[in-house]
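Please read all numbers here as calculations on a predicted model, not as lab measurements.
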Amino acid sequence: VMDFLPYGSVLSSAVASRKMLDDVMPLVSTLHIDRARQLHSRITRRYRDVVDVYIYSLLGTVDVSSPLLANTVDSDTIERAVPFLSNFPKLERVFFGGFESIKGLCVGF
């Protein structure tokens, strides 16, 4: 179940229970990051089995009708992403993207 929750919810669960922190967090294999401030390298040691990371904060307001892919690129996400991702020894796939401004759909590359 933790593989499908937004990262903020995963962190809240870890704070709520020491058992979750010690027993469940190491088994999480997918992380869904919504905000750049969630890209903290120090807590990644808890997640030993992560193979997929979805980062939805790289692209700001995405307008699919525009000839450009995105209106903004988040510099904070750029700075934090590499140190964060380099701490996952089993990492296989990373998705960078944002949310479409009109429909709220996820877009990325």
Side-chain angles (χ1 to χ4, degrees):
V1 171
M2 299 299 265
D3 288 339
F4 302 103
L5 292 175
Y7 192 56
S9 297
V10 172
L11 290 176
S12 295
S13 299
V15 170
S17 169
R18 179 76 175 172
K19 185 150 181 73
M20 287 286 273
L21 185 64
D22 294 337
D23 296 341
V24 177
M25 294 306 139
L27 303 177
V28 171
S29 63
T30 304
L31 296 177
H32 298 272
I33 310 293
D34 295 330
R35 295 176 183 86
R37 67 179 182 211
Q38 296 171 336
L39 297 168
H40 290 288
S41 299
R42 292 181 14 197
I43 58 175
T44 56
R45 64 181 173 80
R46 297 274 186 193
Y47 304 100
R48 67 166 191 244
D49 289 342
V50 170
V51 293
D52 296 311
V53 176
Y54 296 84
I55 299 175
Y56 303 113
S57 61
L58 179 64
L59 304 177
T61 305
V62 176
D63 184 359
V64 294
S65 64
S66 170
L68 300 174
L69 177 60
N71 293 336
T72 61
V73 175
D74 186 66
S75 61
D76 199 23
T77 298
I78 293 170
E79 288 178 21
R80 295 174 180 229
V82 172
F84 179 79
L85 295 171
S86 65
N87 289 310
F88 299 109
K90 296 181 182 180
L91 187 65
E92 295 176 7
R93 289 171 295 277
V94 178
F95 172 89
F96 287 102
F99 290 99
E100 185 180 305
S101 61
I102 298 170
K103 298 177 185 173
L105 301 173
C106 181
V107 295
F109 44 92

Are side-chain heavy atoms of [X] and [Y] found at a separation under 4.5 Å?
{"X": "L39", "Y": "E79", "value": "no"}
{"X": "M2", "Y": "V24", "value": "yes"}
{"X": "R48", "Y": "M25", "value": "no"}
{"X": "L85", "Y": "I55", "value": "yes"}
{"X": "L58", "Y": "V73", "value": "yes"}

Chi angles and distances behind the side-chain contact (heavy atoms from CB on, under 4.5 Å) call for Q38, R80:
CA-CA 9 Å; Q38 296 171 336; R80 295 174 180 229; over 6 Å; no
Could you pull out every donor-acceptor pair under 3.5 Å between side chains of residues 28-35 and any protein atom, sequence neighbours left out?
{"unit_1": "S29", "atom_1": "OG", "unit_2": "D3", "atom_2": "OD2", "d": "2.9"}
{"unit_1": "H32", "atom_1": "ND1", "unit_2": "Y56", "atom_2": "OH", "d": "3.2"}
{"unit_1": "H32", "atom_1": "NE2", "unit_2": "D3", "atom_2": "O", "d": "3.1"}

Where is the tightest heavy-atom contact between [X] and [Y], given as atom of each residue plus distance?
{"X": "A36", "Y": "S57", "result": "N-OG, 3.6 Å"}
{"X": "L5", "Y": "S9", "result": "CB-CB, 4.1 Å"}
{"X": "F84", "Y": "S41", "result": "N-OG, 3.4 Å"}

Spatial distance of atom OH (Y7) from atom CZ (R37) [nearest 0.5 Å]
13.0 Å
K90 vs D49, test: salt bridge (charged side-chain N to carboxylate O under 4.0 Å, His left out). Steps then yes/no.
CA-CA 6 Å; K90 296 181 182 180; D49 289 342; 2.9 Å; yes
Could you state whether F95 and V51 fall into the same hydrophobic cluster, counting links through intermediate Ile, Leu, Val, Met, Phe, Trp or Tyr residues with side-chain heavy atoms under 4.5 angstrom apart?
no
If you apply the rule side-chain contact (heavy atoms from CB on, under 4.5 Å), what do you find for Y47 with V10, and how did you get there?
CA-CA 11 Å; Y47 304 100; V10 172; 3.7 Å; yes
Taken in chain and number order and not counting sequence neighbours, the residues that satisfy side-chain contact (heavy atoms from CB on, under 4.5 Å) with R42 are none
